[in-house]
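Everything below concerns the one structure shown next.
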Amino acid sequence: MSFFRIAIWRASRRPGSRSLATDAHIPLSYAAICVWGANTGVGKTLVSAGLAAAVARAETGFPADSDARTVASTCGGDLAVGPHAARLLPSGGGNPAYSSSSRLAKTLFAWRPAVSPHLAAAGAGEGVADAAVLRATLAELHAYEGRGPYLRGDCLALVETAGGVGSPGPEGLPQADTLRALRLPGLLVGDGRLGGISATLAAYEFLRARGHEVPFIVLAEQEPGTSAAVASLVGRGATQVLSLPPPPAAPTAPSAAGDALLVPATIDAALADWLQRTGSAFDQLRGEVLAQHRQRVEDLATSAQRAQRALWWPFYQHAAARQPVTVVEARHGERLLAFRAEAPDAELGDEGAELQPLYDACASWWTQGLNARAQGAVLRAVTAAAARYGHVILSGTVHTPALQLAEALLRLPGHDWAARVFYSDNGSTAVEVALKMAFRTYLSRKPDLAARAGVVKGDAPAGEAHSNLSPSIELGVIGLTEAYHGDTLGAMECVAPSPYNGPKQTVWYRGRGVFLDPPTVALEKGVWTLSPGKDARAAESKEGLPSPAGAFGSLAELFGPREVEQAYYRAAIETRLDALLDGAGLVPGRPVLQGSGGMRLIDPAYQRALVAACQARGVFTGFWRLGSPTAAHLLKISPDIACYAKLLTGGLVPLAVTLATAEVFDAFKGPSKLDALLHGHSYTGHPTGCAAALAALRCYTDATINPNARALQAAAAEAAPLSLWGENTMRELSHLPGVKRVSGLGTVVAVELEVPDAGYASNAAEGVLARLRARDVFARPLGNTVYLMCTPMTDEATIQDLINALREALLAETA
């Protein structure tokens with residue numbers, strides 16, 4: 001059978017105009033469409049041939065029944081085979097890679113048995129990777145790029161699949177998943193036979209659920225009214241349904257054999273008659289395919305300008321925009337597919353129009369955690385939950401995704417300490433919840449302070465339930481400088497002054513707490529070097545406490561037992577806390593690695609000391625981002641309250657949770673509803689978010705999906721630090737010219753540039769970012785710090801490519 005076949009009509013071609021390194025770029029300089037079938041035998045090849053102004057029949061076997069022969073015969077074009085299909089010919093091939101004709105029908109992958117590709121490949125004892133299919137198809141598309149032919153309507157590529165939309169590819173995954181990376185609009189050949197309405201709708205929804213656009217459905221009706229019923233059920237919108245007359249009977253199999261199969265087949269009378277009767281319909285379809293392509297490119301080409309008129313972007317200075325607007329057409333796993341044109345100001349016919357795959361190295365603000373295969377698995381879970389539940393209020397009710405996720409979280413990150421799970425929508429809101437929990441719990445431990453604060457359990461006197469009491473105490477937090485917990489007002493109040501909460505952002509910011517300047521650690525010329533914070537030096541007046549070591553040989557040494565340094569740090573912390581009422585407080589923080597503060601790696605011994613020094617403590621961490629299930633696990637501490645968001649759902653939909661101990665939960669029990677935790681939002685515990693999180697958790701730990709699963713689990717078992725980038729790699733980066741220091745852990749590597757204008761407002765990293773983009777890497781700066789963030793599922797080869805791109809960008813910037 002022929003697995004993938006591409007028939008291309010073009011005005012001009014430029015063989016070899018693309019290097020192998022850029023084959024992943026998807027050309028948009030001419031129209032291309034993917035031909036899908038609702039089932040086998042529905043006439044995919046017939047429709048392909050019809051678009052080529054000829055006839056064809058359903059595929060059966062290769063080479064005895066080569067569909068490409070029929071397609072070529074209809075358009076007077078040439079036949080060709082790729083290296084994989086050529087091995088089935090007696091001569092082993094020998095045909096030119098591309099003919100001189102302007103029309104070509106080519107079979108790329110083929111097996112003799114007329115069975116599913118994954119079974120044929122297994123039976124032949126050979127392996128064909130799905131990635132090889134993509135590379136070969138993209139190579140064909142690049143080889144026939146022309147100059148703006150979609151404006152003239154003289155170029156069209158058809159990529160025809162095998163079997164139905166869910167039929168497996170060579171590796172056993174549905175072809176719809178394999179080909180999603182190409183982002184080709186789909187033409188679905190529906191089933192016009194009895195029962196075909198159901199099969200056609202199922203195939204249509206299958207494609208859409210996997211991220212494919214399907215602008216066309218074509219049915220060769222054998223059962224009258226099928227196309228009308230399909231059109232009614234699909235509904236008016238972006239999909240057109242075209243009806244064709246019943247297909248002719250399949251002709252007798254050709255008698256040609258061997259290399260003679262590279263000669264086009266003879267069209268029998270029945271197919272020729274069908275072609276003549278459907279000619280006008282296919283002419284119309286071809287015009288609509290070309291028009292759809294033109295509209296697609298026009299929409300992409302104008303999106304940046306339209307967005308600049310309509311959007312107010314976060315963390316973006318519209319008055320002095322320096323970076324180009326990135327127009328994202330889709331996502332495929334860890335990569336964004338962004339529109340790119342060699343000459344953006346030229347007419348749409350510019351030959352450089354394409355989709356550029358960009359590695360999402362900022363992980364879309366640190367939320368993305370899924371590779372392409374896991375993305376599909378989580379997407380299916382979300383689709384099922386949305387269809388089953390929509391949304392269900394989560395107050396005195398329960399649904400399966402929310403219950404199962406809560407139980408999983410208590411088993412995993414909450415193991416041995418957490419008793420309850422509270423749902424919210426994002427990390428900032430989860431922090432707000434945690435603050436309420438922590439304040440109430442702290443006061444429940446101190447009844448006298450609770451009374452002075454006006455916190456008394458039970459029904460309030462009439463008229464006082466909502467009165468604005470003026471308590472005689474004020475609670476604050478103990479936090480770290482350069483911290484950031486989100487953009488809601490409460491989360492802004494519990495961090496030190498910063499660009500995010502300054503007078504230009506939050507006029508009523510007060511900073512309710514004491515903020516300690518912690519020691520940080522980074523690689524400087526290959527050595528993990530300690531930079532003590534000013535508060536750590538406060539312990540120097542304590543007799544008998546040696547100051548911490550200034551350098552460390554490895555991450556393992558840094559995170560290992562360091563009781564002496566921990567005692568030193570605790571003395572420093574308590575020196576600051578002695579001036580506070582009752583010497584206690586609350587500790588919101590991002591342990592180990594501060595993100596928005598510049599990817600600062602905080603000395604683990606300091607954080608352990610901080611937790612030990614506070615009577616009520618809370619630690620806010622994230623799933624797997626630091627190479628461990630949670631940062632609390634890595635620090636070997638048990639929090640009272642913990643917040644999780646970002647990677648919780650793999651980045652697919654928003655969701656956050658706040659986990660709490662039994663003591664925290666009990667602090668809100670009382671005789672009145674006013675004693676309860678009166679917090680929530682409209683979409684608390686949304687079924688789709690909970691389903692996404694459950695699926696993402698399974699993917700992170702599944703070694704068949706996540707290539708790093710075993711390494712992450714081994715590190716977690718020992719609570720040992722792990723960098724997916726490799727310590728030696730980070731050491732090498734720290735020696736590069738223009739690099740001040742390097743830090744990183746888990747999925748993060750950050751390079752601080754040696755520049756005079758350091759800080760969040762610095763533009764020093766823009767040159768490096770531009771060079772990274774030229775290497776297909778999308779990154780955002782933190783002032784003069786350039787960071788790359790992979791996912792917990794990024795394979796070793798991709799990480800090496802990213803490191804090479806970063807190294808070259810840094811060297812070029814200082815050359």
Side-chain angles (χ1 to χ4, degrees), residues 1-5 32-51 56-60 67 114-119 130 133 137 158-169 172-223 225-244 246-247 285 288-289 292 330 376-377 379-380 382-384 386-387:
M1 61 166 296
S2 57
F3 178 39
F4 290 102
R5 176 179 52 268
I33 198 163
C34 194
V35 181
W36 301 93
N39 206 334
T40 57
V42 296
K44 293 188 304 296
T45 303
L46 192 69
V47 172
S48 297
L51 280 170
R57 61 183 179 83
E59 59 189 355
T60 53
D67 296 338
V115 296
S116 180
H118 76 292
L119 296 177
D130 290 345
V133 173
T137 307
L158 303 176
V159 178
E160 187 178 318
T161 63
V165 296
S167 296
L173 295 177
Q175 295 171 64
D177 289 347
T178 302
L179 293 182
R180 183 181 180 275
L182 296 177
R183 289 299 301 154
L184 295 177
L187 187 157
L188 173 63
V189 181
D191 193 337
R193 300 168 293 192
L194 181 65
I197 297 173
S198 176
T200 302
L201 287 176
Y204 177 72
E205 295 297 342
F206 188 93
L207 288 172
R208 285 169 55 86
R210 279 165 162 74
H212 292 270
E213 291 176 279
V214 187
F216 307 103
I217 298 177
V218 178
L219 294 102
E221 285 192 319
Q222 301 180 49
E223 188 72 19
T226 300
S227 60
V230 169
S232 176
L233 292 168
V234 167
R236 299 182 63 181
T239 300
Q240 301 180 48
V241 180
L242 175 67
S243 174
L244 298 174
L285 177 60
E288 290 175 349
V289 168
Q292 187 272 342
L379 176 63
R380 291 191 291 276
V382 166
T383 302

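Here the structure is a predicted model, which is why all the values come from computation and not from measurement. Scope of the values below: all heavy atoms of this structure, side chains included, with no hydrogens, waters or symmetry mates. Position 1 is the first residue of the sequence; numbering continues from there.
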### Query
Is there side-chain contact between Asp130 and Asp177, with heavy atoms separated by less than 4.5 Å?
no
#### Entry: Atom of Gln292, atom of Pro185 and distance for their closest heavy-atom approach
OE1-CG, 3.7 Å
### Query
Ignoring hydrogens and geometry, is there a side-chain-to-backbone donor-acceptor pair from Glu160 to Val35 under 3.5 Å?
no
#### Entry: Val241: which of Leu233, Thr226, Ile217 passes side-chain contact (heavy atoms from CB on, under 4.5 Å)
Ile217
### Heavy-atom closest pair, residues Ala38 and Gly190
CB-CA, 4.0 Å
### Message
Using modelled atom types and a 3.5 Å cut-off, is there a donor and acceptor pairing between side-chain atoms of Ser243 and backbone atoms of Val218?
### Response
no
### Task
Measure the CG-OG1 distance between Asp191 and Thr200 for me, rounded to the nearest 0.5 Å.
5.5 Å
### Query
At their closest point, which heavy atom of His212 faces which heavy atom of Arg183, and how far apart are they?
CA-NH1, 4.3 Å
### Query
If you look at every heavy atom in Val42 and Asn39, which pair is closest and at what distance?
CG2-O, 3.3 Å
### Task
Could you please spell out the steps behind the side-chain contact (heavy atoms from CB on, under 4.5 Å) verdict for Leu182 and Cys34?
CA-CA 9 Å; Leu182 296 177; Cys34 194; over 6 Å; no
#### Entry: Reported CG-to-CD distance for the pair Leu207 and Gln175, which is rounded to 0.5 angstrom
10.5 Å
### Message
With side-chain contact (heavy atoms from CB on, under 4.5 Å) as the criterion, how do Phe216 and Leu242 come out once you've worked through the C-alpha distance, each side chain's angles and the decisive distance to 0.1 Å?
### Response
CA-CA 8 Å; Phe216 307 103; Leu242 175 67; over 6 Å; no
### Summary
Here the pair of heavy atoms bringing Gly41 nearest to Arg193 is O-NH1, 3.7 Å
### Task
Begin with the C-alpha distance, continue with both residues' side-chain angles, and end with the deciding distance and a verdict on side-chain contact (heavy atoms from CB on, under 4.5 Å) for Leu188 and Val165.
CA-CA 9 Å; Leu188 173 63; Val165 296; 4.2 Å; yes
### Query
Side chain of Arg180, backbone of Arg210: donor and acceptor closer than 3.5 Å?
yes
### Task
Could you tell me the separation between the OG1 atom of Thr383 and the CZ atom of Arg208, rounded to the nearest 0.5 Å?
11.0 Å
### Message
On a heavy-atom basis, which atom in Phe206 and which in Ala176 lie closest, and how many Å separate them?
### Response
CE2-CB, 3.7 Å
### Query
How long is the span from the CG atom in Leu51 to the CD1 atom in Ile33, to the nearest 0.5 Å?
8.0 Å
#### Entry: Approximate separation, where rounding is to 0.5 Å, of Ser227 OG and Leu244 CG
9.0 Å
#### Entry: Verdict with reasoning, Tyr204 to Val230, per side-chain contact (heavy atoms from CB on, under 4.5 Å)
CA-CA 10 Å; Tyr204 177 72; Val230 169; over 6 Å; no
### Message
Please report the interatomic distance NZ(Lys44) to CG(Leu158), rounded to the nearest 0.5 Å.
### Response
13.0 Å
